[in-house]
Each structure stands twice: as structure tokens, then as C-alpha cells.
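Sequential numbering from 1 along the given sequence is applied to the chain's residues.
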Amino acid sequence: MFDALIKVGGSVCNSPRLKEYASEWAALSRRYRLLFIAGGGLFADQVRALDHHLDLSDSAAHWMAIAAMDQNGYLLADFMRGVQTVSWIADRGRESEILIPNSQFPILPSPDAGGSSSVLLPYTLLRQVDPLPHSWEVTSDSLAAWLAGFAGTNCLVLLKDVPGVYQASSPGAPPTLLAEIARERLADCEVVDPTFFKTLPPKVDTWILSGRHPDRLAELLETGRTEGTRVVSETPAL
């Protein structure tokens, strides 16, 4: 089983400091078994622009956006020495192969899989499973939530260009960063898409962290806590 599924937001993937961040993530990959997946970023933005200009069908826009995630996945893997790209998911710690739900296709490691951590290129897998609606309301965040359950990981980390989820404070005061947020409240914030909390499996420990501070991901993996926002099943007590 993977120690964590790490979704690297598209804005983080397209940061000028990506090489620096990726180097630190690659170092973590030598200590933990991690599965990385990239958001669509600038490539997905181009699909949105084409959709606005040409009025694409929902399915065409969906698959073009998934292909954008593959492009950023190649970009991410290029800067993470020792971390390979994979097109399938397999838990090599199990004797039997995992099967795609409602399908006869086995999930096997891609031929170039190696090491203990990988970057998943999701297009091929999703063409066979296709679990989510074809809509711009469903982003790579919801896809990562679904993959966390599909891969059987107990931890999902969303690395974004914000440090977590903010809550309003008293008038004139700056907003404060939430230490915890209930799943249902995610629908009211703009940090994840509206379907994320519906897709997120109930027992997956989920965090929203700043991708611009790789030390926070390292601290989370080592201690189970860090600066950021943890998604919980119920509204935290005041």
C-alpha cells in the first residue's frame, strides 16, 4: 500500500520553483512509498480557453483536461530523480493483482515502473474506468479523492498554492487558517471543487497543504501533523 497519494496542484507544477520543490519531494520518495499525481495547470487552462472559444462537447473537454494532467505528470517526473511514471496502479505488496471495479482489466505496473514511488499518468486508467462526470465542476482534486480510495491509500495530500483553507474572522482582521474543516464545509470554499467531499472516501486522512513549502509535507509524513488544513468527518468542536 502507498504511504500517501500526493496531488500536486497545477499552479504548483507550473511554478518557476518547481525544480526546487520536486527535488525535495524526490528525497521523500526514498523514505516513503508515495504516489504522485499532477493537476492540469496551464495545459488545462488552454483546454478551458478552447472550450470557451469553440464550445467543445463535455466529453471532449474532459478527456483533453485529463491528457493535460498527463503532460504535467511528465513535467513533474522529469524533475524528480528516481521517481518513474506509471500508467497503472498495482500494490506490489499484495500477492494478487488489484482489478478495476466492474472490469476485467487488471491493474499492472507500467513497464517503466521502478523504485518505491511513482508519478501516475491517469489518462489510460481513466479511459477504462471513467468514474466521474464529464464536467468542469469536477477537477483533478476530485479525481485524486477517487484515486485515494481506488489505490487503497489511507492518506491523501493536496499540495496547492495556498497554505490551506481560511475562515473569516472579525471585521478588519485578517482571515485565519483552519486547522480542521468538516468535509461538508468544503462545498462552501473555493479551494477544492464542489464534488470533492462527495468523492472522498470516508476513512482517508486528508490534508490541504502549501506546495511551496515542501518541509510541511515532510513533517506530515514523519509526524502525522503539520501546518495546513486537515479534512475531518464532522464539524470540529469550538
Side-chain angles (χ1 to χ4, degrees), residues 5-19 21-22 25 35-80 85-87 89 119-151 156-166 181 183 185-200 206-212 228-229 231:
L5 171 60
I6 312 296
K7 188 262 178 169
V8 184
S11 58
V12 180
C13 283
N14 301 137
S15 166
R17 298 180 61 188
L18 178 62
K19 286 186 178 181
Y21 305 149
W25 298 331
L35 180 65
F36 289 87
I37 187 168
L42 295 175
F43 298 112
D45 289 344
Q46 290 300 309
V47 178
R48 288 178 184 270
L50 283 171
D51 188 16
H52 179 75
H53 181 62
L54 299 175
D55 191 22
L56 302 173
S57 69
D58 289 341
S59 288
H62 174 79
W63 293 119
M64 291 168 71
I66 298 298
M69 295 175 65
D70 274 20
Q71 290 180 285
N72 261 340
Y74 281 116
L75 174 65
L76 183 60
D78 191 45
F79 297 146
M80 297 179 68
T85 59
V86 296
S87 299
I89 304 172
V119 175
L120 175 66
L121 309 177
Y123 184 88
T124 299
L125 172 63
L126 294 179
R127 287 295 290 183
Q128 295 187 10
V129 186
D130 196 15
L132 298 174
H134 296 182
S135 166
W136 283 116
E137 290 190 358
V138 177
T139 69
S140 54
D141 287 338
S142 284
L143 175 56
W146 176 83
L147 280 169
F150 186 72
L156 169 64
V157 182
L158 304 181
L159 297 181
K160 293 182 169 289
D161 60 355
V162 296
V165 178
Y166 285 97
I181 185 172
R183 291 168 183 251
R185 286 189 58 196
L186 287 177
D188 300 325
C189 75
E190 298 180 355
V191 176
V192 296
D193 66 68
T195 63
F196 177 80
F197 83 95
K198 299 177 184 178
T199 311
L200 183 65
T206 303
W207 289 78
I208 300 171
L209 306 180
S210 171
R212 303 181 188 279
T229 299
V231 180

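We find the OH-SG distance between Y21 and C13 to be 11.5 Å, quoted to the nearest 0.5 Å. The structure places CG of L143 at 9.5 Å from OG1 of T199, a figure rounded to the nearest 0.5 Å. Remark: W207 CH2 to T229 OG1 distance equals 8.5 Å, nearest 0.5 Å. Taking OG of S87 as the reference point, atom CD of Q128 lies at 10.5 Å (rounded to 0.5 Å). Atom CD1 of I6 and atom CG of L35 lie 9.0 Å apart (nearest 0.5 Å).
Partners of V191 under the side chain to side chain contact (heavy atoms under 4.5 Å, CB included) rule, at least two apart in sequence or in another chain, are K160, V162, V165, C189, I208. When the side chain to side chain contact (heavy atoms under 4.5 Å, CB included) test is applied to P131, the partners found at least two apart in sequence or on another chain are L126, V129, W146. For S11, the side chain to side chain donor-acceptor pair (under 3.5 Å) partners are D161, not counting sequence neighbours. For D193, the side chain to side chain contact (heavy atoms under 4.5 Å, CB included) partners at least two apart in sequence or on another chain are T139, D141, S142, T195, F196. With sequence neighbours excluded, the residues forming a salt bridge (charged side-chain N to carboxylate O under 4.0 Å, His left out) with R17 are E20, listed by chain and number.
Closest heavy-atom contact between A38 and L76: CB-CD2, 4.4 Å. Taking every heavy atom of both residues into account, L156 and A148 meet most closely at CB-CB, 4.3 Å. Smallest separation of non-hydrogen atoms from L5 and A144: CD2-O, 3.2 Å.
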From CA spacing to verdict: side-chain contact (heavy atoms from CB on, under 4.5 Å), L186, I181: CA-CA 7 Å; L186 287 177; I181 185 172; 4.0 Å; yes

Evaluation steps, side-chain contact (heavy atoms from CB on, under 4.5 Å), between L147 and L125: CA-CA 10 Å; L147 280 169; L125 172 63; 3.9 Å; yes

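For residues 37-56, the pairs satisfying side chain to side chain donor-acceptor pair (under 3.5 Å) are D51-W136, with sequence neighbours left out.
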Let me check something: any side-chain donor-acceptor pairs from residues 58-75 under 3.5 Å, sequence neighbours excluded? List them with distances.
from	atom 1	to	atom 2	distance (Å)
S59	OG	H134	ND1	2.8
D70	OD1	Y123	N	3.2
N72	OD1	N14	ND2	3.2
N72	ND2	G39	O	2.9
N72	ND2	G40	O	3.0

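Taking the side chain as every heavy atom from C-beta outward, W25 and L159 approach each other to under 4.5 Å.
The closest donor-acceptor contact from the side chain of R183 to the backbone of L200 lies under 3.5 Å.
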